[in-house]
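Here is the structure we will look at.
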There are 2 protein chains.
Amino acid sequence: MKLNERHLMQLAAVLDAGGVSEGAAMLGLTQPAVSRSLAMLEARVGEPLFLKGRRPLQATPLGFQLAAQGRTIITASRKASDAVQGFMKGTKGVVRVGGVPFFMDAMISRMIGEFQKLEPEVTVQQSYMNLPEMVAALESNQIDLGIVPIGVLDLGPGFEFTEILPGRNVVACRPDHPLLRNRRLRAHDLTSFPWVAPLPGSPLMSDLQMILMSIGMSDLNIRYSGGSLMSVINFLAETDALAVLPFSVVFAQRRENRVTVLPYEIPQPSRSLGILRRVSGPRSPAAERFAGHVTTAFENLKHIIKRHENAVVWGR
Amino acid sequence: MKLNERHLMQLAAVLDAGGVSEGAAMLGLTQPAVSRSLAMLEARVGEPLFLKGRRPLQATPLGFQLAAQGRTIITASRKASDAVQGFMKGTKGVVRVGGVPFFMDAMISRMIGEFQKLEPEVTVQQSYMNLPEMVAALESNQIDLGIVPIGVLDLGPGFEFTEILPGRNVVACRPDHPLLRNRRLRAHDLTSFPWVAPLPGSPLMSDLQMILMSIGMSDLNIRYSGGSLMSVINFLAETDALAVLPFSVVFAQRRENRVTVLPYEIPQPSRSLGILRRVSGPRSPAAERFAGHVTTAFENLKHIIKRHENAVVWGR
DNA sequence: CAGCTTCATAGCAAAACGCTATACAAGGGA
DNA sequence: TCCCTTGTATAGCGTTTTGCTATGAAGCTG
């Protein structure tokens with residue numbers, strides 16, 4: 001007993017509107033069309049759906065039951081239309097963001113929060129990944145965009161990269177670290193403290209290598225590794241350990257006052273933080289909108305970050 | 001942006017089944033038909049619903065969203081079909097029963113309970129009414145059947161009456177009523193006690209008149225009226241008042257031992273309790289089934305009731 | 001790269017759907 | 001009671017949709 005969904009919808013409309021003509025109008029149809037649909041539905045069901053010979057057209061209990069289903073079909077159909085509308089306007093749907101762990105935790109998660117206030121009907125699915133997996137995830141369409149630091153040279157074909165922040169690493173430590181008392185830091189000052197290693201596979205890992213080399217540390221004095229940003233900060237706050245972090249990450253923690261920056265210039269990677277997207281493939285307007293939000297947010301933040309570094313770290 | 005509900009269902013089926021061919025089979029269609037529907041839906045939406053060039057056919061987020069709506073449409077459609085099936089088998093739907101208050105409270109409500117155990121998916125809507133309103137309610141199709149005592153002559157055209165119990169009234173009182181100590185009751189014994197009047201409009205009301213006349217009581221010594229069965233029984237149990245009740249009603253209360261029957265023969269009305277239905281009009285199988293249940297229940301109960309009266313009331 | 005599987009397209013027939021015009025039936029008022 | 005208004009059903013017709021079979025194209029797999 002397969003019923004025609006269209007007929008069920010028309011039944012619901014008729015009962016809700018209180019008449020065939022009204023129901024037809026509600027659906028943008030003419031009265032005869034709906035009348036016939038009802039007759040066909042009734043024939044299919046084999047039971048009367050209306051009490052015959054009654055002017056304000058009264059339905060039988062079965063008629064009401066079927067109308068209830070018709071109503072949910074109408075609702076579902078409307079929701080589907082709304083989903084498409086919302087999708088195209090970018091006000092509905094899902095944005096799947098992958099990103100490097102520290103930066104996602106420090107900056108992007110806050111921006112996702114801001115974005116939610118603007119677009120409450122957009123769901124954001126965050127995931128953590130580094131460049132290789134990110135490329136794979138983008139290609140297999142598992143994420144809409146990635147937040148990652150890359151060098152311009154690394155950009156493969158079919159991908160588009162929007163810079164949001166120049167990469168700038170610093171050495172982070174707790175605010176009452178003994179080294180902060182030194183007027184002028186030398187490379188060998190830094191070698192006598194333990195270091196925190198970032199998550200394996202992270203771009204910070206290679207940065208760290210480079211820095212340790214530049215300060216003449218042959219082998220790593222790694223005392224802690226594998227922690228997420230919150231873990232690393234907790235660790236730093238409790239010990240005299242040092243860590244290589246993007247300055248923006250330290251900047252994002254400025255209010256908590258648990259980590260600060262050692263005024264010591266280190267070699268900088270030739271990478272920029274940015275948004276990685278596929279050129280082709282289906283583009284979600286919600287994702288575009290999110291990317292726009294992140295971009296402008298950093299546009300506004302860029303010079304504040306710069307000023308903060310100059311003032312707080314270098315005392316300029 | 002009105003989408004075709006059928007297309008949404010097919011999309012859902014395809015995603016759930018994991019392929020166009022499988023989804024088509026699930027709906028009893030061929031693969032090309034579904035393939036075209038998907039193409040049409042995609043064209044209508046204007047956004048890709050699938051990632052092109054991927055063999056295990058992966059959907060975009062928007063595709064998933066629309067499929068979710070398609071799923072609810074499929075479910076609703078299935079529910080509608082089930083409702084029809086259940087309606088025809090009498091295992092689903094609504095039975096609207098109207099009946100005279102005392103009898104509904106004493107007997108029918110219990111049977112509705114039994115019936116629910118047999119047909120848990122049938123909803124019973126009970127309402128209280130006497131003959132005139134019952135006829136109107138049946139004619140305007142507000143109830144499916146009525147439980148009422150009527151004389152054969154009272155049966156109007158277009159109605160059908162199924163007797164379930166011969167009408168038999170008794171005088172009820174509490175078990176330790178002083179009159180029960182009398183060996184042989186006379187009419188004037190009954191006149192010295194107050195009487196309970198049934199609900200106005202009830203057939204019992206005229207029965208009461210008849211009885212009072214037969215025992216030579218010119219004016220009514222009514223001390224209580226208007227209560228439902230539970231109220232009347234509570235009242236009887238607390239006082240020495242007498243009441244005219246159908247024997248079956250007292251019978252139904254035998255376990256509670258709060259009312260009993262005065263062994264005094266009173267004039268009997270020429271009415272029978274039964275089920276009143278319309279001959280024409282839509283008949284709900286669930287209602288038929290319920291009527292059948294009530295009928296057979298009383299068929300089984302009839303002789304028990306008779307035996308009980310003989311044994312307990314008349315000591316035979 | 002060959003073969004298998006899976007999806008897309010073509011072409012056609014039947015059914016469904018929509019419309020306008022019109023007939024019919026139920027209530028309401030004179 | 002009769003007629004008029006209002007609302008529903010039917011007729012007839014053209015267009016669109018939906019289904020099918022046959023066949024082509026594109027990924028995946030060994």
Side-chain angles (χ1 to χ4, degrees), chain A residues 2-45 48-60 63 67 70 73-74 77 136 139-141 280-282, chain B residues 2-45 48-60 63 67 70 73-74 77 136 139-141 280-282:
Chain A
K2 175 88 180 61
L3 303 176
N4 188 323
E5 292 74 23
R6 197 174 306 229
H7 294 171
L8 292 174
M9 291 194 291
Q10 296 185 12
L11 173 64
V14 166
L15 292 204
D16 289 348
V20 177
S21 317
E22 293 88 334
M26 181 178 288
L27 298 173
L29 298 175
T30 57
Q31 171 266 319
V34 174
S35 188
R36 182 174 52 186
S37 290
L38 295 181
M40 290 173 91
L41 181 61
E42 209 163 30
R44 183 114 196 71
V45 168
L49 302 177
F50 291 95
L51 303 180
K52 300 303 171 194
R54 232 157 256 282
R55 242 335 108 161
L57 197 59
Q58 208 186 332
T60 63
I73 294 178
I74 291 177
S77 180
E139 288 203 309
S140 64
N141 237 292
S280 67
Chain B
K2 174 89 180 62
L3 303 177
N4 186 323
E5 291 75 22
R6 198 173 307 228
H7 294 172
L8 292 174
M9 292 193 292
Q10 296 184 13
L11 172 65
V14 165
L15 292 203
D16 289 348
V20 178
S21 317
E22 294 87 333
M26 183 178 289
L27 298 173
L29 298 175
T30 57
Q31 172 267 318
V34 174
S35 188
R36 181 175 50 187
S37 289
L38 295 181
M40 291 173 90
L41 182 61
E42 208 163 30
R44 183 114 195 71
V45 168
L49 303 177
F50 292 96
L51 304 181
K52 300 303 170 195
R54 230 157 261 280
R55 248 332 109 162
L57 198 59
Q58 207 185 334
T60 63
I73 294 178
I74 290 178
S77 181
E139 288 203 310
S140 65
N141 239 291
S280 67

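Atom set for the values below is all heavy atoms of this structure, side chains included, hydrogens, waters and symmetry mates excluded. To find a chain, count down the sequence lines: A is the first, B the second, and so on, and within it residues start at 1. Just so it is clear, the structure is predicted and the values come from calculations on it, not from any experiment.
Not a single donor-acceptor pair under 3.5 Å links the side chain of B/Arg6 to the backbone N or O of A/Asn4. Between the side chain of B/Thr60 and the backbone N or O of B/Pro48, at least one donor-acceptor pair lies under 3.5 Å. Formation of a donor-acceptor pair under 3.5 Å by the A/Gln31 side chain with backbone atoms of A/Val20 is not found in this model.
Among the nucleotides C/dA8, D/dT18, C/dC19, the one closest to any side-chain atom of A/Ala33 is C/dC19. Picking from C/dC17, C/dC7, D/dT17 the nucleotide with the shortest atom distance to the side chain of B/Glu22 gives C/dC7. With distances taken from any side-chain atom of A/Ser35 to the nucleotides D/dG19, C/dC7, D/dT8, the minimum falls on D/dT8. Here C/dC12 is the nucleotide among C/dC12, C/dC17, D/dT10 with the atom lying nearest to any side-chain atom of B/Arg36. Residue B/Thr30 has its side chain nearest to D/dC20 when only C/dC7, D/dT18, D/dC20 are considered.
Results of the side chain to side chain contact (heavy atoms under 4.5 Å, CB included) test with B/Met9 over B/Val14, B/Val34, B/Ile74 single out B/Ile74 as the only residue that passes.
Residue A/Gln31 contributes atom CD, which lies 15 Å from atom P of C/dT22 at whole-angstrom precision. Here D/dA26 presents its P atom at 16 Å from CG of B/Leu57, a figure rounded to the nearest Å. Whole-Å rounding puts the B/Leu49 CG to C/dC7 C1' distance at 15 Å. At whole-Å resolution of the value, CG in A/Leu41 and P in C/dC17 are 11 Å apart. Rounded to an integer number of Å, the gap from B/Gln58 CD to C/dC7 P is 13 Å. Taking atom CG on B/Asn4 and atom C1' on D/dT16, their separation rounds to 11 Å, with Å as the unit. Spacing between atom CZ of A/Phe50 and atom P of C/dA26 amounts to 16 Å, rounded to whole angstrom units. The CE atom of B/Met40 sits 12 Å away from the C1' atom of D/dG19 (whole-angstrom rounding).
If you check every strand for non-hydrogen atoms under 4.0 Å, B/Glu42 touches nothing. Counting any heavy atom pair closer than 4.0 Å across all strands shown, B/Ser21 reaches sugar-phosphate atoms only and no base atom. If you check every strand for non-hydrogen atoms under 4.0 Å, B/Leu29 touches sugar and phosphate atoms only.
The side chain of B/Gln10 contributes an N or O atom lying less than 4.0 Å from OP1 or OP2 of D/dG19. Considering only side-chain N and O atoms, A/His7 lies under 4.0 angstrom from the phosphate OP1 or OP2 of C/dC17.
Contact check for B/Gln10 versus B/Leu29: side-chain heavy atoms found under the 4.5 Å cut-off.
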